[in-house]
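Taking it in order: structure first as structure tokens, then the write-up.
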Amino acid sequence: MPIDLSLRPFGQTGLTVHPICVGCAALGDMPETFAYSVSNEDAYATVRAAFGSSINFIDTANIYGWGESERRIGVVIRERGGLPPGHILATKADRDKDTNRFDGDQARRSIEESLSRLGLDHLQIVYLHDPEYAPWDEIVGRGGALDVLRRYREQGVIGHLGLAGGPIDVMLRYLDLGGFECVISHNRYTLLNREAEPLIAACHARGIPMVNAAPYGSGMLSKGPSVYPRYMYRDAAPDLVRRAFAVEAVCQRRGVPLAAAALQFSLRDRRIASTIVGMTKPERLAQTLALAAQPLPGNIWAELDAAAE
Ligand SMILES: NC(=O)c1ccc[n+]([C@@H]2O[C@H](COP(=O)([O-])OP(=O)(O)OC[C@H]3O[C@@H](n4cnc5c(N)ncnc54)[C@H](OP(=O)(O)O)[C@@H]3O)[C@@H](O)[C@H]2O)c1
């Protein structure tokens with residue numbers, strides 16, 4: 001079955017998004033995380049390409065590159081005189097980068113910084129980001145980060161409030177609080193990792209749109225394990241590299257790019273509203289659309305599952 005690349009409603013938000021979202025973490029120049037640097041010019045060119053593409057969804061965070069990702073996106077937004085019509089930008093409210101503190105004051109600081117860097121007076125989607133790094137009470141207690149974000153939503157500064165983070169048990173605990181309109185999980189629903197399955201099921205059952213970030217595990221499943229033997233921002237364990245080579249061998253035997261299988265693994269799952277693909281070069285937009293449209297043999301998935309064991 002060909003992948004449906006049409007825009008779709010984003011849960012109950014009233015927004016309409018593409019099934020692919022442009023991920024802008026590495027655009028913030030984070031060599032300690034991605035093991036390579038990204039210049040201003042590559043970043044601007046990538047954002048310009050995103051704003052000129054049929055992919056109308058772009059994802060960043062206050063903390064990416066300590067603000068550099070938002071700053072660079074803001075340069076292109078200002079250049080265009082605002083977000084292109086129909087384009088949806090999501091950012092994330094973050095803890096203090098030095099202390100990990102994530103109280104109400106920090107949430108306020110995070111939102112004000114995002115507005116100023118992006119040059120916007122309204123943020124369409126803001127996720128509570130990586131709550132696993134701060135104490136529960138600091139975020140959830142009276143006057144904490146969550147209260148402040150909810151107030152921004154009531155005031156209309158934030159359009160929609162989401163939840164984004166890593167460990168699935170932490171994510172499920174936050175999800176149970178209610179009130180989140182969308183959810184991001186990352187690196188945990190790929191050809192090599194299925195840990196996010198309970199979170200995806202919980203979001204699906206509640207009608208909350210689930211956004212799957214990092215379908216390439218941060219690059220090993222796009223560039224290949226011989227070129228980029230890293231997964232989730234660190235060197236991959238030997239067994240994971242072995243499994244990646246096994247998956248790549250299936251793709252080679254079937255004559256399909258590894259990246260096409262990795263991307264379509266996420267896109268073909270109807271429970272996933274959008275898949276966030278990280279990219280730092282303008283040509284990635286067209287490449288990603290081509291990988292999504294590449295016909296794959298329908299019976300490849302069982303073989304890939306077996307190879308990934
Ligand atoms: N907690 C959270 O909410 C959270 C966590 C993680 C990620 N995210 C979001 O999800 C996004 C995606 O995650 P990610 O960037 O970490 O990982 P990813 O999407 O799994 O992989 C990105 C890597 O794949 C490469 N790539 C992309 N398209 C390619 C192509 N056509 N050919 C070859 N290589 C290709 C990129 O290379 P180039 O740089 O060379 O283009 C980059 O190295 C992030 O940018 C961020 O927006 C959110």
Side-chain angles (χ1 to χ4, degrees), residues 1-21 23 56-57 59 61 88 90-93 124-134 136-137 139-140 144-147 149-150 153-154 158-217 232 261-277 292 298 301-302 304-305 308-309:
M1 272 264 283
I3 300 291
D4 175 11
L5 291 177
S6 54
L7 301 185
R8 70 263 322 261
F10 194 51
Q12 304 302 310
T13 63
L15 302 172
T16 304
V17 300
H18 198 275
I20 298 171
C21 177
N56 75 335
F57 200 12
D59 179 87
I88 311 295
T91 191
K92 313 190 188 80
Q124 292 155 301
I125 301 172
V126 173
Y127 297 90
L128 173 74
H129 193 199
D130 290 353
E132 63 266 26
Y133 291 104
W136 171 267
D137 291 340
I139 294 178
V140 167
L146 200 48
D147 266 359
L149 295 177
R150 286 181 179 136
R153 181 170 55 181
E154 281 161 23
I158 291 176
H160 304 282
L161 183 58
L163 170 68
I168 301 304
D169 54 341
V170 177
M171 292 292 286
L172 287 168
R173 190 173 179 213
Y174 273 91
L175 189 67
D176 274 345
L177 290 169
F180 294 109
E181 296 165 88
C182 44
V183 169
I184 292 179
S185 172
H186 66 91
N187 288 284
R188 291 170 177 80
Y189 195 63
T190 71
L191 287 177
L192 296 174
N193 185 320
R194 310 290 159 88
E195 280 171 41
E197 184 57 51
L199 180 62
I200 295 171
C203 288
H204 186 64
R206 295 172 204 203
I208 301 171
M210 169 79 204
V211 179
N212 187 34
Y216 304 138
M232 217 194 300
L263 179 60
Q264 290 190 30
F265 168 79
S266 179
L267 292 176
R268 70 197 284 268
D269 191 321
R270 291 177 176 277
R271 299 170 303 170
I272 290 172
S274 193
T275 298
I276 315 182
V277 177
W301 301 108
L304 288 169
D305 280 350
E309 274 177 12

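Side chains included, hydrogens not; waters and symmetry mates left out as well; all remaining heavy atoms used.
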With heavy-atom distances below 4.5 Å as the criterion, would you say the side chains of Leu172 and Leu199 are in contact? yes
Can you name the closest pair of heavy atoms from Ile139 and Ala134 and give their distance? CD1-CB, 3.9 Å
For Asp305, check side chain to side chain contact (heavy atoms under 4.5 Å, CB included) against everything at least two apart and list the hits. Arg194
Under the salt bridge (charged side-chain N to carboxylate O under 4.0 Å, His left out) test, residues paired with Arg173 that sit two or more places apart: none
Closest contact, heavy atoms only, Ala214 versus Thr190: O-CG2, 3.5 Å
Go through the structure and list residues passing side chain to side chain contact (heavy atoms under 4.5 Å, CB included) with Ala164, not counting sequence neighbours. Lys92, Tyr127, His129, Ile184
Should Leu15 and Ile125 be marked as a side chain to side chain contact (heavy atoms under 4.5 Å, CB included) after you check the CA-CA gap, both sets of side-chain angles, and the distance that decides it? CA-CA 10 Å; Leu15 302 172; Ile125 301 172; 3.7 Å; yes
Could you list the residues that satisfy salt bridge (charged side-chain N to carboxylate O under 4.0 Å, His left out) with Glu197, not counting sequence neighbours? Arg271
List the residues meeting salt bridge (charged side-chain N to carboxylate O under 4.0 Å, His left out) with Asp176, not counting sequence neighbours, and say none if there are none. Arg206
Holding to ring-ring contact (aromatic ring centres under 6.0 Å, His included), I want the full list of residues that pass it with Trp301, two or more places apart in sequence or in another chain. none
Would you indicate whether the side-chain heavy atoms of Leu263 and Val277 approach each other to under 4.5 Å? yes
Are Arg150 and Leu146 close enough that some pair of their side-chain heavy atoms sits under 4.5 Å apart? yes
Sorted by chain and number, sequence neighbours left out, side chain to side chain donor-acceptor pair (under 3.5 Å) with Asn56 holds for none
Using side chain to side chain contact (heavy atoms under 4.5 Å, CB included), reason through Thr275 and Asp269 one step at a time and then give a plain yes or no. CA-CA 10 Å; Thr275 298; Asp269 191 321; over 6 Å; no
Closest contact, heavy atoms only, Met210 versus Cys203: SD-SG, 4.0 Å
Hey, does Ile88 have a side-chain heavy atom less than 4.5 Å from the side chain of Cys21? no
Asn212 side chain vs Tyr189 backbone, donor-acceptor pair below 3.5 Å: yes
Considering residues at least two apart in sequence or located in another chain, which fulfil the side chain to side chain donor-acceptor pair (under 3.5 Å) criterion with Asp130? none
Kindly indicate whether the side chain of Leu175, heavy atoms from C-beta on, has any atom under 4.5 Å from the side chain of Ile208. yes
Supply the atom-to-atom distance Leu5 CG to Ile20 CD1, rounded to the nearest 0.5 angstrom. 5.5 Å
Holding to side chain to side chain contact (heavy atoms under 4.5 Å, CB included), I want the full list of residues that pass it with Val170, two or more places apart in sequence or in another chain. Glu132, Pro167, Tyr174
Side chain Ser274, main chain His18, donor-acceptor under 3.5 Å: yes
Is there side-chain contact between Pro19 and Ile3, with at least one heavy-atom pair below 4.5 Å? no
Sorted by chain and residue number, the ring-ring contact (aromatic ring centres under 6.0 Å, His included) partners of Phe10 (sequence neighbours excluded) come out as Phe57
Partner residues of Glu181 under the side chain to side chain donor-acceptor pair (under 3.5 Å) criterion, sequence neighbours left out: Arg153, His160
Can you list the residues that meet the side chain to side chain contact (heavy atoms under 4.5 Å, CB included) rule with Glu195, with sequence neighbours excluded? Ile168, Arg188, Asn193
